[in-house]
Amino acid sequence: MRDRTERARRIVAAARELAEAEGWDAVTTRKLAALIEYSQPVLYSHFPGGKDAIMAAAALEGFAELASVLADARAGGLAGVVRAYVGFAEARPALYDAMFTLASELRFAQDDTPEVMKANFAELLAVIEPVAGAQNAGPLTEVFWSTLHGLVTLDRGHRLSPAHRDERLALVVARFGTRGD
């Protein structure tokens, strides 16, 4: 069983590495098999859904990593979490894409949402709830998260002025760091 788990880990690690270097379009089961010296049937035995299943496994790893990064950043308050979230997205753009765009079968706010994904929301909620109060914390956390995701996405797409990046992040902290009632 340990060998099987280790093979699956190697497959996902190789996919992540290749995706960060060349993009997810470059990740194919044929290329992965050659890269890690397993046959394609071995890859499919671990991930019957092929590339999509491998990408979803990578996304779940990413959610675990992001939750840890956000938990560590909470000591820095809202500003620390904002910097950590944006820094994570910038450092791992292909993984971020898998997490939030490409692995569409992984859904938030559903009965079957994986716990590791719920942990991400909980970390964001933990910095918003003291400001929002328990009654509005959920919706405000969703808006906060949407704001961060939107800024990351627009910035990566070169849709926003690089000169205003730090100012935008400071505005997020200022707006979400004060009670609005």
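- Between atom CD of residue Glu6 and atom CG of residue Asp3 there is a gap of 8.0 Å, rounded to the nearest 0.5 Å.
- Under the 4.5 Å side-chain contact rule for hydrophobic residues, Leu151 and Ile128 share a cluster.
- The aromatic rings of Tyr85 and Phe100 sit tilted, their planes meeting at an angle between 30° and 60°.
- Residues Phe47 and Val116 are members of separate hydrophobic clusters, defined by side-chain heavy-atom contacts under 4.5 angstrom among Ile, Leu, Val, Met, Phe, Trp and Tyr.
- Surrounding CG of Asp25 are at most 12 heavy atoms belonging to other residues, nucleotides or ligands under 6.0 Å away.
- Listed here is the closest heavy atom pair of Met55 and Ala98: CG-CB, 3.7 Å.
- A distance of 11.0 Å separates CD1 in Ile11 from CG in Leu35, rounded to the nearest 0.5 Å.
- With contacts defined as side-chain heavy-atom distances shorter than 4.5 Å, the pair Phe176/Val131 does not qualify.
- Nearest approach of Ser39 to Ala33, heavy atoms of both residues: C-CB, 3.9 Å.
- Pairing each heavy atom of Asp111 with each of Lys118, the nearest pair is O-NZ, 4.3 Å.
- Between the side chain of Glu123 and the backbone N or O of Ser68, no donor-acceptor pair lies under 3.5 Å.
- Summarising the local packing, CD of Glu90 is surrounded by more than 12 heavy atoms from other residues, nucleotides or ligands at distances under 6.0 Å.
- Glu61 has no carboxylate O lying under 4.0 Å from a charged side-chain N of Arg92, or vice versa, which leaves the two without a salt bridge.
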Working note: Tyr38 + Leu32, criterion side chain to side chain contact (heavy atoms under 4.5 Å, CB included); need CA distance, chi angles, decisive distance, verdict. CA-CA 8 Å; Tyr38 293 148; Leu32 282 176; over 6 Å; no

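- The distance from the CZ atom of Arg7 to the NE2 atom of His46 is 4.0 Å, given to the nearest 0.5 Å.
- The backbone N or O of Gln110 sits less than 3.5 Å from a side-chain atom of Thr113, completing a donor-acceptor pair.
- In this structure, Glu105 CD and Asp52 CG are separated by 6.5 Å, a value rounded to the nearest 0.5 Å.
- In this structure, the side chains of Arg74 and Leu70 stay at 4.5 Å or more apart for every pair of heavy atoms.
- Each of Phe88, Phe108, Tyr96 was checked for a ring pair (Phe, Tyr, Trp, His ring centres under 6.0 Å) with Phe63, and the lone residue meeting it is Phe108.
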Derivation of the side chain to side chain contact (heavy atoms under 4.5 Å, CB included) call for Glu20 and Leu95: CA-CA 7 Å; Glu20 290 300 348; Leu95 181 59; 3.5 Å; yes

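- Leu18 and Leu60 sit in two unconnected hydrophobic clusters of ILVMFWY residues. Membership requires side-chain heavy atoms under 4.5 Å apart, directly or through other members.
- One finds the CD atom of Glu17 at 10.0 Å from the CD atom of Glu22 (value rounded to the nearest 0.5 Å).
- In terms of heavy-atom proximity, Leu140 sits nearest to Ala132 at CD2-CB, 3.5 Å.
- Closest non-hydrogen pair, Val27 versus Lys51, comes out as O-CD, 3.0 Å.
- Of all non-hydrogen atoms in Ala94 and Ala19, the two that sit nearest each other are CB-O, 3.4 Å.
- Side-chain heavy atoms closer than 4.5 Å link hydrophobic residues (I, L, V, M, F, W, Y) into clusters, and following such links, even through other members, never connects Leu102 to Leu106.
- Taken together through direct or relayed side-chain contacts under 4.5 Å among Ile, Leu, Val, Met, Phe, Trp and Tyr, Val86 and Leu154 form part of one hydrophobic cluster.
- Note that the OG1 atom of Thr147 and the CZ atom of Arg175 stand 11.5 Å from one another [nearest 0.5 Å].
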